[in-house]
2 protein chains.
Amino acid sequence: MAQAKSGKRSSRPKRIDAQRNYEHLLKIAGILVKEEGTDASLREIARRADVGLGTLYRHFPTRDVLLEAILRNSFEELAQKAEALEHSDAPLDALTSWLEEFADGSATYRGLTSMMMATIKDPKSALYTSCFSMRVAAGRLLKRAQEAGRIRDEVTANDLFTLVTAIAWAADYSASEARSRSRLLSLLINGLESRPQIISSRVEGKKPRSKDPKK
Amino acid sequence: MAQAKSGKRSSRPKRIDAQRNYEHLLKIAGILVKEEGTDASLREIARRADVGLGTLYRHFPTRDVLLEAILRNSFEELAQKAEALEHSDAPLDALTSWLEEFADGSATYRGLTSMMMATIKDPKSALYTSCFSMRVAAGRLLKRAQEAGRIRDEVTANDLFTLVTAIAWAADYSASEARSRSRLLSLLINGLESRPQIISSRVEGKKPRSKDPKK
DNA sequence: ACCTGAACACCGTTCAAGT
DNA sequence: ACCTGAACACCGTTCAAGT
């Protein structure tokens, strides 16, 4: 869980022809998956890449592995964005905007949301780690928003991940997905916010006793 | 939109062998779809029903048609339930419990939620009418809850339908779907409720000016 | 009027054979 | 070390031929 550093950990120096095949395959697959969704035909990918079917399977033994390779960059971007936002001094806005970004990302390929939901139950999947770290990121931003008293305490990171993914899934079927997605999202977040306290005094919202929750 | 009465509108008297095939096919399909989900193999259904493939296609020219036949009853039940609940004097509870029922129904077959979302965009689908009437039912219950001041006004019937379906979809992937579904649902509804008014006086919640919203 | 199943055009996955 | 493509076991959908 530590020394992954260089980003490109190309496990070991492949033969150059293999390397070329790998990259070309990845590129073609990216295009096809964008066009046809995550269940694009593997055969077709191999065909379009002018490569034998077996070659595709050699480099990407599983559809998950292929998708993971396609998505690696976006996932990493999202992770970084989360890290940056963790130091924002507007925890609710930070959470919201990251969730928006995440939902947008989940919607770039048709079928991706289903894949992610399926994958998060199955640690053997190549997509698992990425999905898991998304959940963790969401969790941290959530926690901060909760500590600031802006989101209800009952909401868990899992709830949030699930709900946002569900919304991204649903928006896929809407006429104008982008608008629908952001609408549903804001409806959701609005709903998860803490209600204004009904207590007596004149507290004026802003400083909700952030530190020292226990004791 | 009116004189559909007897429930069983068997369009015209089929030959008895055809009739038998139809019913047997329907029964087998019901079993297979419950086991394998809405994209169960049509071939397998025909096989298990001891019927030629063409026979299946003759009776159910489309997967939608088959599913509609399988689901007809549950949809009708839901519609009735909605009608009954419309006269409840606890509009929010009425809405909530209907949505729960609806979500449960959408979860009886794997893949059904996707099918419903796809179908609601396509009036030619055999499932369209049923789905549409579900949206209408939800809309009526929603409206009452809103008129009673219990749900935020910005929420539309479409939002509600989409969000609930999305939740049903998501719960499908959870370990204990039923629990997860009701948890997420209550989280959602909780979120859609109107916030307690922050106005000055001593109104005590209970009677939110139900009648006479206009004028 | 209805049923049957072969035929067609697709899949995903594996693996012997080639370089 | 790597690539190829035939082979296998599946699909959905259509339609000529049968009763």
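Scope of the values below: all heavy atoms of this structure, side chains included, with no hydrogens, waters or symmetry mates. So that the names make sense, note that chain A is the first sequence line, chain B the second, and so on, each numbered from 1.
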Salt bridge present between [X] and [Y] (N-O < 4.0 angstrom):
X: A:Glu35; Y: A:Arg48; result: yes
X: B:Arg144; Y: B:Glu147; result: no
X: B:Glu23; Y: B:Lys27; result: no
X: B:Glu193; Y: B:Arg152; result: no

Nearest listed nucleotide, side chain of [X], among [options]:
X: A:His59; options: C:dC2, D:dT13, D:dC3; result: D:dC3
X: A:Asp17; options: C:dT13, D:dT13, D:dC3; result: D:dC3
X: A:Tyr57; options: C:dA6, C:dT13, C:dC2; result: C:dT13

Phosphate oxygens OP1/OP2 of [N]: is one of them under 4.0 Å from a side-chain N or O of [X]?
X: A:Arg15; N: D:dA1; value: no
X: A:Thr55; N: D:dC2; value: no
X: B:Arg63; N: D:dG12; value: yes
X: A:Arg47; N: C:dC11; value: yes

| Which sits closer to the 5' end of DNA chain C, B:Arg58 or A:Ser41, going by the nucleotide each is nearest to? |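 Between the two, 5'-proximity favours B:Arg58.
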d([atom1], [X]; [atom2], [N]) in whole Å:
X: B:Leu53; N: D:dC10; atom1: CG; atom2: C1'; value: 13 Å
X: B:Gln19; N: C:dA1; atom1: CD; atom2: C1'; value: 14 Å
X: B:Ile16; N: C:dC2; atom1: CD1; atom2: P; value: 12 Å
X: A:Leu67; N: C:dG12; atom1: CG; atom2: P; value: 12 Å
X: B:Glu36; N: D:dG12; atom1: CD; atom2: C1'; value: 16 Å
X: B:Tyr22; N: C:dC3; atom1: OH; atom2: P; value: 13 Å
X: B:Asp64; N: D:dT13; atom1: CG; atom2: C1'; value: 15 Å
X: A:Ile45; N: C:dT13; atom1: CD1; atom2: P; value: 12 Å

| field | Parallel, tilted or perpendicular: ring planes of B:Phe102 versus B:Phe161, cut at 30 and 60 degrees | value |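 If you compare the ring of B:Phe102 with that of B:Phe161, the planes turn out tilted.
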| said: Need one value for B:Ala40: base, sugar-phosphate or nothing, where a base atom within 4.0 Å counts as base even if backbone is also close, heavy atoms only. | reply: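 Sugar-phosphate, no base atom in range.
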| Which part of the nucleic acid, if any, lies within contact of A:Leu42, taking any heavy atom under 4.0 Å across all strands shown: a base, the sugar-phosphate backbone alone, or nothing? |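 The residue A:Leu42 makes sugar-phosphate contact but no base contact.
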| Measuring from B:Leu160:CG to B:Leu141:CG, what's the distance to the nearest 0.5 Å? |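 Reported to 0.5 Å precision, the distance equals 9.0 Å.
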| query | Where does DNA chain C form stems of at least three consecutive Watson-Crick or G-U wobble pairs, each pair having both distances below 3.5 Å? | reply |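 Stem list for DNA chain C: C:4-8 with D:12-16, C:12-16 with D:4-8.
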| task | Could you pull out all residues at least two apart from B:Arg110 that satisfy side chain to side chain donor-acceptor pair (under 3.5 Å)? | result |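 B:Arg110 satisfies side chain to side chain donor-acceptor pair (under 3.5 Å) with no residue once adjacent residues are dropped.
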| request: Can you run down the ring-ring contact (aromatic ring centres under 6.0 Å, His included) pairs that involve residues 125-156 of chain A, sequence neighbours left out, and say none if there aren't any? | output: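 For residues 125-156 of chain A, and leaving out neighbouring residues, the ring-ring contact (aromatic ring centres under 6.0 Å, His included) pairs sorted by first residue read A:Tyr128-A:Phe132.
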